[in-house]
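Right, one structure below, let's go through it.
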Amino acid sequence: MATIWDRRAKHYNFCEGSDLRRGRHKQALFRDMVGRVLFVGVGTGIDIRHFPLGQEIIAIDISEEMLRRAEIRRREYQGVISFARMDAMELCFADAHFNTVVTSCTMCSVPDPVRAFREFHRVLSPRGQLLMFEHVRSQNPVFGLALDFMTLWSRRRGTEMNRNTLRNAQTAGFHITNVESVYLDIILAVHAAKAE
Amino acid sequence: MLVGAVATAAMHLTHALNWNFAVTCLLGMLLAMAMQMPLAWLVAPVLGSIESMLPSMVLAMVSPMSVCAAHLMGCKMHWLSCAGLGAAFGIGMFVIIRMQSRVYRRNVYLAYQCR
């Protein structure tokens, strides 16, 4: 998996760097980062410009090359961001260590998303929140089928376009508190909390 | 509009070969997809990858089928008419996406709560 993303790092900004629609939604979602923050799947750091200023954030990614490319954006951020190369399914943090866990277009690429969500659940404090900017399978039959079709080839490049990420989060013990549409019912800005 | 026009014209061109109908449809669909993908990638840095790829892919599947349907009914069209028809499908797709976006923006949370 790391090798795939090392290879994709070169073109990542070209393919995923658009802020025309996503930028303001990311900014609004990330505004709710509080306390100790874990950002999962920082990639080339294209989301860093949307982070609220003055935060202390630990950002992880599985790809060394992605983190290398994100370094410039990390230095430009007016706050503290530390990078670590880590697998989302095996987080090296103590239980209840973070107040906020954030993902951005990450859960489509983690091989076992429920396992990763369980890890987020473990490292979050009891009143911790999960913020997700994710794309999921559309409930519209035509768009849903198109996403299934796209997954046939995107899977080879490490991305599944047709996941039910909200259900995966619920399976791992999260309660969905808010969902906002960014693009149809496909790209969503989601707030979730640890279920009592 | 461009994707619709190009994909539909591509299907028309394959039908002009006068091969077996099923083979022609399949070939035309593959050609339409081959043209749609680079076009979608070209606008991906501006619109976003999913935002450009998804509607253009649906469009490149649906609009060429109108040419196949026309051929089945024995209606022969000029390639410019096909391109125009494809462009009209493109406008239709744009309108559908706008309308759906408005609906989802209002009630996507409710929709997920109900599931």
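Side chains are part of it too, since the values below use all heavy atoms of this structure and drop only hydrogens, waters and symmetry mates. A, B, ... follow the sequence lines: proteins, then strands. Residue 1 opens every chain.
In the hydrophobic clustering of ILVMFWY residues, with side-chain heavy atoms under 4.5 Å counting as a link, B:L39 and B:F94 come out apart. A:F83 and A:I72 are members of different hydrophobic clusters when ILVMFWY side chains are connected at heavy-atom separations under 4.5 Å. Note: the hydrophobic cluster containing B:M53 does not contain B:I96 (ILVMFWY, side chain heavy atoms under 4.5 Å, direct or indirect links). No path of Ile, Leu, Val, Met, Phe, Trp and Tyr side chains, each step under 4.5 Å between heavy atoms, connects B:M73 with B:V67, placing them in separate hydrophobic clusters. In the hydrophobic cluster analysis, where Ile, Leu, Val, Met, Phe, Trp and Tyr join through side-chain heavy atoms closer than 4.5 angstrom, B:V58 is grouped apart from B:V103.
Of the inter-residue distances, the one linking A:Y183 atom OH with B:L47 atom CG reads 8.5 Å to the nearest 0.5 angstrom. To the nearest 0.5 angstrom, B:S49 atom OG is 4.5 Å from A:R22 atom CZ. Put simply, CD1 on A:I186 and CG on B:L54 are 4.5 Å apart, with the number rounded to the nearest 0.5 Å. Between the CE atom of B:M57 and the CG atom of A:L147 there is a distance of 9.5 Å, given to the nearest 0.5 Å. The CD1 atom of B:I50 sits 6.5 Å away from the CE atom of A:M150 when rounded to the nearest 0.5 Å.
The number of heavy-atom neighbours closer than 6.0 Å to CD of A:E56, taken from other residues, nucleotides and ligands shown, is 12 or below.
Interface remark: B:M37 contributes side-chain atoms only to the contact with chain A (heavy atom separation under 4.5 Å).
Looking only at side-chain heavy atoms (C-beta outward), A:L188 and B:Y104 stay at 4.5 Å or farther from each other.
Just one of B:R105, B:E51, B:Q100 meets the side-chain contact (heavy atoms from CB on, under 4.5 Å) condition when paired with A:L184; it is B:Q100.
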